[in-house]
S.K.: 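Shown below is the structure under consideration.
We name chains A, B, ... by the order of the sequence lines, and we start the count at 1 in each one.
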Number of protein chains: 2
Amino acid sequence: MADKKYILHGFFRSSTSFRVRIALNLKGIPFDQKTYILRKGEQRGPDYLELNNQGLVPALELPCGTVLTQSMAILDYLDATHPAPRFLPEDPVQAAYVRSLANRIACDIHPINNLRILGYLKDPLGHSEEEIADWFCHWMNVELASLEKTLEESSFTGKFCFGDEPGLADMCLIPQIVNGRRFNASVDHLPTLKRIFEHALTLDAFKGALPENQPDAV
Amino acid sequence: MADKKYILHGFFRSSTSFRVRIALNLKGIPFDQKTYILRKGEQRGPDYLELNNQGLVPALELPCGTVLTQSMAILDYLDATHPAPRFLPEDPVQAAYVRSLANRIACDIHPINNLRILGYLKDPLGHSEEEIADWFCHWMNVELASLEKTLEESSFTGKFCFGDEPGLADMCLIPQIVNGRRFNASVDHLPTLKRIFEHALTLDAFKGALPENQPDAV
């Protein structure tokens, strides 16, 4: 019998699933994917709710059957259990800096622009497609502009957000930039972010995790 | 000359500042506080932007002068540098579980109900006070109801979210429940959360971190 694999329960277009795909690729962990079509609400169906009663993707099923939820908790788990390559610098101040960069995206952009929030703006709040796109771009642009400034000024910035190797912040940044395409939010005016984005996509771990390269992509 | 202290740059009513106050208290770290009145926009004034160009509280200034931002990154830093009492279980699966509980609040409730989001709903989106209160309560109620279910079903749940000692999840939960009071969002119908909340407030570390017990409380 074949060894049991990690199973990523997610969706090709979900940027939090994208984070976990990058992490698994970087650690060299083979995984299968099970897809839940978000537009159809499959993440709120009984199959998925049994894994994660929050009804939000992703969830990572370990070979032992244990299910982990919340992408940032999953990234920390993978880093703790598969030490190379490290997702965070060893020095606690530097690690806190990288975590702060990651959380600027994971807390202050992504959840505000998540599908269910955009859905609530439409119904019950009655906003137009244009107002919803403005909302999405507003939070993304405000936050990425200040992130650009931080990275531009920091001596830690290299080919990636911290040094020349990819880490926790890059796993949040690249999916966020890709996610912005849905509303034509671009980082062309933010040279540091643009450079890191383009460099990341030269690496198989990032390229292989792109939404369009997933088996469930339509 | 007296030893330099940690300085928490925040606001008494900010629930992310509240998280850091609990953490500092639990670790037994003395700290001073510098206040930025959010309603007046002082977190976007030049003094604060120099510490944190995101313009969001809190920021923790270390005795060496280094400034850390993002409350969840700060909690991890404090836990890495002051090992007792631990904020997370040692086992990676259990740690991921506690992180997931914490992030359900830190990612999926708090940022969506943050002051600047409520401000945007008012202007430019033109929503009434009632619609804004509904928004706040909707996200808090949806998420805390599923969190209640998780805690109710988990054998890990004790006097706190994980076992009988406070940890990372409790540092997010207690401030979120207190924050809900602003819009009369209560957890009276969620017995596990209510019990953990009431127990936490019997501890000096939590009681001393309450908004009303801060020097800048009005």
S.K.: Can you tell me which of B:P124, B:G55, B:A95, B:P92 forms the most heavy-atom pairs within a distance under 4.5 Å of chain A?
M.R.: B:P92

S.K.: Of the backbone (N, CA, C, O) and the side chain (C-beta and beyond), which part of B:E143 lies under 4.5 Å from a heavy atom of chain A, both, or neither?
M.R.: side chain

S.K.: Is it true that the side chains of B:T192 and B:E148 contain a donor and an acceptor less than 3.5 Å apart?
M.R.: yes

S.K.: By a 4.5 Å heavy-atom criterion (distance strictly below it), what part of B:T69 contacts chain A: side chain, backbone, both, or neither?
M.R.: both

S.K.: Would you call A:D76 and A:R99 a salt bridge, taking side-chain N to carboxylate O under 4.0 Å as the test?
M.R.: yes

S.K.: Consider only side-chain N and O atoms of B:Y48 and B:H9, and report whether a donor and an acceptor are under 3.5 Å apart.
M.R.: no

S.K.: With only heavy atoms counted, which part of B:H127 is less than 4.5 Å from chain A, the side chain, the backbone, both or neither?
M.R.: side chain

S.K.: Against chain A, work out which of B:V98, B:L125, B:T66 has the most heavy-atom pairs shorter than 4.5 Å and name it.
M.R.: B:L125

S.K.: Counting heavy atoms not belonging to A:E165, are there more than 12 under 6.0 Å from its CD?
M.R.: no

S.K.: Is A:K149 atom NZ crowded by more than 12 heavy atoms from other residues, nucleotides or ligands, each under 6.0 Å away?
M.R.: no

S.K.: Just give me the residue among B:A106, B:P111, B:S71 that pairs up with chain A most often, heavy atom to heavy atom, under 4.5 Å.
M.R.: B:P111

S.K.: Does any backbone or side-chain atom of B:W139 lie under 4.5 Å from a heavy atom of chain A? Answer side chain, backbone, both or neither.
M.R.: side chain

S.K.: Would you mind checking which part of B:T81 comes under 4.5 Å of any heavy atom in chain A, side chain (CB onward), backbone (N, CA, C, O), both or neither?
M.R.: side chain

S.K.: Heavy-atom distances under 4.5 Å only: say whether B:L68 touches chain A with side chain, backbone, both or neither.
M.R.: side chain

S.K.: Do other residues, nucleotides or ligands put more than 12 heavy atoms under 6.0 Å from A:K27 NZ?
M.R.: yes

S.K.: Name the member of B:E153, B:E131, B:R116 that forms the most heavy-atom pairs with chain A at distances under 4.5 Å.
M.R.: B:R116

S.K.: Given heavy-atom pairs under 4.5 angstrom as the criterion, report whether the side chain, backbone, both or neither of B:L56 touches chain A.
M.R.: side chain

S.K.: Looking at B:A80, B:S100, B:C64, B:A145, which one has more heavy-atom pairs under 4.5 Å with chain A than the rest?
M.R.: B:S100

S.K.: Can A:Q70 and B:D108 be counted as having a side-chain donor-acceptor contact under 3.5 angstrom?
M.R.: yes

S.K.: Kindly say whether B:A59 contributes a backbone atom to a donor-acceptor pair with the side chain of B:N52 at under 3.5 angstrom?
M.R.: no

